[in-house]
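Before any comments, here is the structure.
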Amino acid sequence: MNTNNKVKAILALFDGTVFEGRSFGYEGETTGEVVFNTSMTGYQEIITDPSYKGQIVVMTYTQIGNYGINDEDVESKQPNVEGFIVKEYLNYHSNWRSQKNLNDYLKENKITGISGIDTRALTSHLRDNGVQMGIISAVDSSPESLLEKVRKHPGISASDLVKEVTAQKSYKWTEGVWRPAYASGKASKGQSIKVSESQSSDTVTLGHSDTLKKVIVYDFGVKFNILRHLVNAGFDITVVPAQTPAEAVLEMNPDGILLSNGPGDPQTVTYAVENARKLLGKKPVFGICLGHQILGLAMGGRTYKLKFGHHGGNQPVKDLRTGKISITVQNHGFCVDINTLNKNDIEITHVNLNDNTLEGIRHKKYPVFSVQFHPEAGPGPHDAKYLFDEFIKMMEHHNAKKD
């Protein structure tokens, strides 16, 4: 059943292309970089992913909203997308975990959406012409007025978006990966639990709480599922704000440090690059997505903007060390230039099979590695989950050498 909302909404792109549809969610106006996501499920995780700060997301899958919203499948405390675009919004939701519909969720969080437009045409336009700034409005019906507004926007590289999504103070994280309680034989269908590292069969376990390896996570916009998987892998997790000095982190004497995902242009996060440079060789470091780009810059490389980015759960990546191909989850618009890295110090470990862009690196001298894709999924395939095990092995090897 479709929404009965008949309020007109307009999407106007920077290049003058205009789409007309229906408003859903919050009836307002919003501006952001318009990108498309090719995932077939997981719209709730996508909406709450901090890496989408500053962006309006187009879902290429045609029907969105059919399984509703719940309190567990979130990747941050609140939605982070600037706007949401779908072909068909389904107001009727049916799922045993659902607690509300998507329309109400967007309204509560003042996220403006538009439905009823040709998302295939929009996606093709973005692929051919590149992602660009756009504006969605349910309050201004003049395309000329909207174009004037969107063309005044400086773009996502004009500001540091990480500061808008990072934690304001350090905190501990103890929640593991969610799974149905009935899968463990501990409850009936319809109930759910959060599992700890000792209950999960999905990842390795390092032992009891007195032997957990201590990991500091730099929060550049970290997805909760990264933290959940770290708990399942047996880590004691402390999350610190993005601007925390490297010296303060080293004083905490962690076994390892993770540089998280996050939004925007990595070249705007100069303090993060400088801190990453200071960490090289001091402690084992693992970078994911923006964290990977920050490490690339810290090690002398350069980054550039992709034409339309990689957003979705179907990106094929080859591990050059094993020849194994994984289908991965990705969400980024910038990339480390593979030709600017010093190959004497840095090993290229992963490449994207769609466009041969860089997907993973490892330092040859220091305990440092990073990937552009998301090993924690949420949503998407779990092919790359083995990287959490590699993080463990790197820490164990580093500690053995130190001893």
Side-chain angles (χ1 to χ4, degrees), residues 14 30-35 49-57 75-76 78-83 130-135 150-169 217-223 226 239-246 248-249 257-280 285-311 330-338 340-341 357-359 361 368 370-374:
F14 185 91
T30 187
T31 305
E33 183 181 67
V34 183
V35 301
D49 184 348
S51 294
Y52 278 119
K53 187 66 179 175
Q55 295 180 317
I56 296 172
V57 177
E75 294 301 327
S76 64
Q78 69 283 316
N80 290 284
V81 296
E82 302 300 330
V131 297
Q132 55 190 284
M133 299 304 296
I135 185 169
V150 75
R151 287 172 177 170
K152 289 181 179 179
H153 196 287
I156 65 170
S157 293
S159 61
D160 177 4
L161 296 174
V162 168
K163 290 181 179 178
E164 298 186 35
V165 297
T166 189
Q168 297 304 303
K169 59 182 180 179
V217 176
Y218 264 100
D219 178 14
F220 302 129
V222 66
K223 288 175 63 180
I226 290 177
V239 182
V240 299
Q243 292 178 286
T244 305
V249 168
I257 300 166
L258 186 140
L259 308 184
S260 83
N261 65 291
D265 186 339
Q267 295 186 67
T268 65
V269 198
T270 53
Y271 51 87
V273 175
E274 183 58 30
N275 281 326
R277 191 175 291 120
K278 292 176 181 178
L279 295 172
L280 295 176
V285 180
F286 177 22
I288 295 176
C289 197
L290 180 64
H292 159 79
Q293 297 166 12
I294 288 169
L295 279 172
L297 291 170
M299 293 189 287
R302 293 197 297 269
T303 57
Y304 64 98
K305 188 172 178 58
L306 294 166
K307 184 176 181 180
F308 47 79
H310 301 152
H311 309 277
Q330 301 196 18
N331 178 19
H332 63 105
F334 294 84
C335 186
V336 178
D337 187 341
I338 198 168
T340 63
L341 297 171
T357 53
L358 179 65
E359 294 282 359
I361 56 177
V368 176
S370 62
V371 292
Q372 182 62 76
F373 49 97
H374 284 257

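In this text the structure is predicted, and so the values were computed from the model without any measurement. The figures here come from the full heavy-atom set of this structure, side chains too, leaving out hydrogens, waters and symmetry mates.
The CZ atom of Phe14 lies 11.5 Å from the NE2 atom of His153; values are rounded to the nearest 0.5 Å. To the nearest 0.5 Å, atom CD of residue Gln267 and atom OG1 of residue Thr303 are 3.5 Å apart. Remark: Asn275 CG to Leu280 CG distance equals 11.0 Å, nearest 0.5 Å. Ile135 contributes atom CD1, which lies 11.0 Å from atom NZ of Lys152 (distance to the nearest 0.5 angstrom). Rounding to the nearest 0.5 Å places CG of Asn261 at 10.5 Å from CD of Gln293. The CD atom of Gln168 sits 9.0 Å away from the CD atom of Gln243 when rounded to the nearest 0.5 Å.
With Thr30 contributing its side chain and Glu82 its backbone, the two residues share a donor-acceptor pair below 3.5 Å. Between the Ser260 side chain and the Phe220 main chain, a donor and an acceptor come within less than 3.5 Å of each other. Tyr218 contributes a side-chain N or O that, together with a main-chain N or O of Thr244, makes up a donor-acceptor pair within less than 3.5 Å. Listed for the Thr268 side chain is no donor-acceptor partner under 3.5 Å among the backbone atoms of Ser157.
Between Val371 and His292 there is no side-chain heavy-atom pair separated by less than 4.5 Å. Taking the side chain as every heavy atom from C-beta outward, Ile257 and Val249 approach each other to under 4.5 Å.
Annotation: side-chain contact (heavy atoms from CB on, under 4.5 Å) contacts of Ser76 (sequence neighbours excluded): Thr48, Pro50, Gln78, Asn80. The side-chain contact (heavy atoms from CB on, under 4.5 Å) test applied to Ser159 returns Leu161, not counting sequence neighbours. With sequence neighbours left out, Thr357 forms a side-chain contact (heavy atoms from CB on, under 4.5 Å) with Tyr304, Leu306, His310, Cys335, Asn352, Asp355, Glu359. For Arg302, the side-chain contact (heavy atoms from CB on, under 4.5 Å) partners two or more places apart in sequence, or in a different chain, are Thr340. Applying the side-chain hydrogen bond (donor to acceptor under 3.5 Å, both in side chains) criterion to Glu33, with sequence neighbours excluded, gives Gln55, Lys305. For Phe373, the ring-ring contact (aromatic ring centres under 6.0 Å, His included) partners are His350, not counting sequence neighbours.
Counted by atom type alone, Asp49 and Asn331 present one or more donor-acceptor pairs between their side chains at under 3.5 Å.
Scanning both residues, Ala242 and Val162, for their nearest heavy atoms gives CB-CG1, 3.6 Å. Across Ser370 and Leu295, no two heavy atoms sit closer than the pair CB-CD1, 3.7 Å. The two atoms that bring Gln330 and His374 nearest to each other are CA-CD2, 4.2 Å, heavy atoms only.
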Inset, instruction - Determine, step by step, whether Gln372 and Leu358 satisfy the side chain to side chain contact (heavy atoms under 4.5 Å, CB included) criterion, reporting the C-alpha distance in whole Å, the side-chain angles of both residues, the deciding distance to 0.1 Å, and the verdict. - result: CA-CA 8 Å; Gln372 182 62 76; Leu358 179 65; over 6 Å; no
